[in-house]
2 protein chains.
Amino acid sequence: MKGIREADPSRRKLARATLSDVAKEAGVSVMTVSNFVRSKPVRVQTRKRVEEAIARLNYRPNVSARSLRLSEEYSVGIVIADSDPAFLNDPFISRLVSGLSNYLSSLDYTLDVQGVAPERFENATILNKVGNEALCAILCGPKALRKEQFANLTRLGQPIVVFQEVFQSTAPNVAVVSQDDLSGGKQLGQYLLKKRLRSVVFVRPALDWCALEQREKGLRGVFAAASPSIDVKTLIAPSERFDDVQQVVKDHLAKRTPDAIVAATDSMAAAALKACELSGIRVPKDLVIAGFNGFDVWRYTSPTMTTVVSPAYELGRHAGELLIQRLKTGAFSKRHVVLPVRLQVGESTG
Amino acid sequence: MKGIREADPSRRKLARATLSDVAKEAGVSVMTVSNFVRSKPVRVQTRKRVEEAIARLNYRPNVSARSLRLSEEYSVGIVIADSDPAFLNDPFISRLVSGLSNYLSSLDYTLDVQGVAPERFENATILNKVGNEALCAILCGPKALRKEQFANLTRLGQPIVVFQEVFQSTAPNVAVVSQDDLSGGKQLGQYLLKKRLRSVVFVRPALDWCALEQREKGLRGVFAAASPSIDVKTLIAPSERFDDVQQVVKDHLAKRTPDAIVAATDSMAAAALKACELSGIRVPKDLVIAGFNGFDVWRYTSPTMTTVVSPAYELGRHAGELLIQRLKTGAFSKRHVVLPVRLQVGESTG
DNA sequence: TTGAAAGCGTTACCAC
DNA sequence: GTGGTAACGCTTTCAA
């Protein structure tokens with residue numbers, strides 16, 4: 001009988017070569033093979049035989065068995081609450097996940113990705129299996145809901161990093177990683193202040209989203225401190241979808257033309273720009289526009305968009321570092337990390 | 001002694017409650033708990049005790065142990081070769097992965113995501129461990145390299161779906177899922193034919209990329225068949241980066257102005273549009289522009305972009321279905337799937 | 001340097 | 001309906 005058991009079509013998985021299959025094939029003991037696989041010293045002569053046997057049998061280690069034995073999973077999960085089924089499509093999220101994934105890969109960790117509708121967050125299967133040593137989460141939805149989800153995450157006991165949240169982590173297993181959206185709002189506000197504006201409209205989606213609050217707060221703070229006469233209005237679009245934003249801005253412009261529109265994200269700013277174009281309002285001549293994120297959208301518009309650049313990739317990478325360190329040392333080195341953002345001036349503000 | 005062992009900070013992971021911990025706590029056997037967890041019939045009375053014990057101990061099943069026992073991982077991996085570290089940032093990839101992830105989640109499967117530089121593909125850790133029942137892959141780079149990677153993937157023995165590849169799958173464990181880029185090129189060509197063009201420039205990155213070849217082939221085929229007098233040139237940008245494309249198009253426009261520019265993707269088309277703008281060429285009046293993908297970029301430009309819409313999300317979803325069916329039945333129902341694309345006319349072609 | 005045995009947490013199988 | 005036992009593939013421990 002050969003080392004590999006026959007494939008059984010009724011089984012889900014093809015039977016694969018195991019350590020002992022390789023051992024038999026190479027005429028050595030299991031431990032010798034195991035040592036070889038884990039780069040422990042093995043005599044050159046034996047080493048060669050093992051190497052050949054592995055190649056012949058196409059052996060690859062079974063991570064489940066290894067994990068079970070070591071109580072280490074070498075795997076991290078990320079749950080992303082988003083109302084869009086194409087949750088990775090958000091450039092903030094795609095960059096963040098890329099950064100996290102790359103850092104983990106460099107340490108031979110695996111990243112499990114799962115998106116979930118905000119209201120079904122608790123049902124995400126990734127939360128109900130112990131298969132990851134640690135978790136990351138991006139929450140979404142009304143504050144009360146998020147608070148509950150945050151509390152439930154804490155209760156899981158695993159090391160967890162939550163992105164872009166306002167809540168304080170009360171448990172030693174939870175850390176929060178954010179970008180400085182408050183400062184982003186301030187930076188943009190201070191820049192716009194120089195434009196001697198009298199009226200500003202802040203466009204945001206109806207969705208309760210923590211970063212947006214900070215952006216608006218920073219912006220309003222600057223204007224309020226500088227001059228009480230500047231009129232700052234908030235315009236709420238039914239969603240952050242292009243058409244919704246465009247419509248809401250268009251309707252507003254039909255009534256009056258402000259000096260500036262600041263949108264919660266660049267793509268919303270692009271929608272506002274389109275609305276201006278359709279309303280015959282020239283940007284930046286009649287009206288200036290700015291957004292947040294600084295990913296790619298700012299390049300595509302004409303004029304190019306003034307924006308506040310988000311360090312999304314670094315957010316993911318940073319979370320990875322924090323988590324791995326937590327796993328290695330048993331404690332988070334920091335429980336709250338805030339990365340800086342940076343204003344990038346484009347043509348849309350003159 | 002309590003059921004849960006003390007946490008040992010030197011260990012990577014907190015010790016968690018096991019089935020037998022719960023069994024002791026509830027005063028029943030391990031099997032009863034196991035049965036309960038897996039929704040097998042358990043007497044109501046016992047059921048309640050188990051339920052409480054689980055809650056008290058915060059028990060969650062250990063997937064490694066389960067996987068080991070069942071030889072089922074309930075996990076699929078995807079390797080994405082990309083020269084950009086923020087590999088998920090490509091909207092085609094982010095949609096594809098979202099579609100795959102959501103389908104798998106709905107069946108309680110997990111998705112492991114790993115990006116890798118094209119030349120380091122073989123080193124991707126996800127390929128060297130058995131921890132996924134099946135794999136998906138997006139290759140990238142010169143054809144010869146991709147062919148070798150394709151062959152190596154085949155050799156892994158796991159069920160595999162490769163996206164957007166030209167190679168025939170010779171092994172029963174490999175399927176290829178693509179979109180009909182050839183037809184996309186043709187559709188766009190046929191539409192442009194009505195514009196009575198005499199000269200067309202196709203802009204593409206230097207990178208060898210299988211979908212692009214098909215798009216160009218489809219496009220050229222239509223023009224060649226319709227009229228040998230139409231001049232079709234290919235303009236190669238050093239990369240698909242915005243600046244690179246913009247520069248290359250600008251340089252070309254300095255020499256001559258074609259009737260149409262077709263770019264390999266919408267973001268490249270946006271770069272071409274910007275180059276026209278800078279060169280004082282009016283779109284679509286002096287020159288028409290079109291791209292491929294139909295994700296979001298087409299909305300942001302002004303004029304909006306004519307494009308060929310890619311079913312990226314469905315590609316991912318379809319691969320998921322194929323893979324799960326393959327795992328269940330032991331054979332792929334189809335070894336080659338091609339999803340249709342669709343022309344979407346915007347303002348950039350008049 | 002190599003080998004034998006125990007055990008990680010779970011489930012299939014068979015008794016009761 | 002419930003419980004005991006063996007086994008999944010691996011690594012740690014201890015002996016040779």
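Checking C:dA12, D:dT11, D:dC10 against every side-chain atom of B:Leu70, the shortest atom distance belongs to C:dA12. Comparing C:dG3, D:dT2, C:dT10 against the side chain of A:Ser29 picks out C:dG3 as the nearest. For A:Leu68, counting side-chain heavy atoms from C-beta on, the closest listed nucleotide (D:dG3, D:dC10, C:dC8) is C:dC8. The nucleotide whose nearest atom lies closest to any side-chain atom of B:Arg38 is, among C:dG3, D:dC10, C:dA12, C:dA12. The side chain of B:Ser34 lies closest to C:dT11 when the candidates are C:dT11, D:dT2, C:dT2.
As a whole-Å value, the separation of B:Glu72 CD from D:dA7 P is 20 Å. Rounded to an integer number of Å, the gap from B:Arg49 CZ to D:dG1 P is 16 Å. We find that CZ of B:Arg16 is positioned 16 Å from C1' of C:dC8, with the value rounded to whole Å. Between A:Lys24 atom NZ and C:dG3 atom P the separation is 14 Å, expressed in whole Å. Put simply, CZ on A:Arg43 is 10 Å from P on C:dG3, counting in whole angstrom units. To the nearest angstrom, P of D:dC10 lies 16 Å from CG of B:Asn62. Residue A:Glu73 contributes atom CD, which lies 11 Å from atom P of C:dG9 at whole-angstrom precision. One atom, CZ of A:Phe36, and another, P of C:dT2, lie 12 Å apart when rounded to the nearest Å.
Contact check, B:Ser71 against D:dC8: no side-chain N or O comes under 4.0 Å of OP1 or OP2. Side-chain nitrogen and oxygen atoms of B:Thr46 include at least one within less than 4.0 Å of the OP1 or OP2 phosphate oxygen of D:dT2. OP1 and OP2 of D:dT2 both lie 4.0 Å or more from every side-chain N or O belonging to B:Thr32. At the phosphate of C:dT11, OP1 or OP2 sits under 4.0 Å from a side-chain N or O atom of B:Arg66. Dashed line: the shortest gap from a side-chain N or O of B:Tyr74 to OP1 or OP2 of C:dT10 is not under 4.0 Å.
Across every non-hydrogen atom of A:Ile80 and A:Leu88, the tightest pair is CD1-CD2, 4.5 Å. Taking each heavy atom of B:Gln149 and B:Phe121 in turn, the nearest pair found is NE2-CB, 3.2 Å. Nearest heavy-atom pair across B:Val79 and B:Ala124 is CG1-CB, 3.8 Å.
Stacking of B:Arg326 on the aromatic ring of B:Phe332 is recorded, both the 6.0 Å distance cut-off and the 45° axial limit being met.
Projected onto DNA chain D by closest heavy-atom contact, B:Val28 and A:Leu19 fall at different nucleotides, the more 5' of which corresponds to B:Val28. For the pair A:Pro41 and A:Met31, both in contact range of DNA chain C, the more 5′-proximal nearest nucleotide belongs to A:Pro41.
As judged by a 4.0 angstrom heavy-atom cut-off over every strand, B:Val30 is placed among residues making no nucleic acid contact.
Between the side chain of A:Asp21 and the backbone N or O of A:Thr18, at least one donor-acceptor pair lies under 3.5 Å.
B:Val174 pairs with exactly one of B:Val161, B:Leu156, B:Thr154, B:Leu153 by the side-chain contact (heavy atoms from CB on, under 4.5 Å) rule, that one being B:Thr154.
At a cut-off of 3.5 angstrom, the base of C:dT11 holds at least one donor-acceptor pair with the side chain of B:Arg69.
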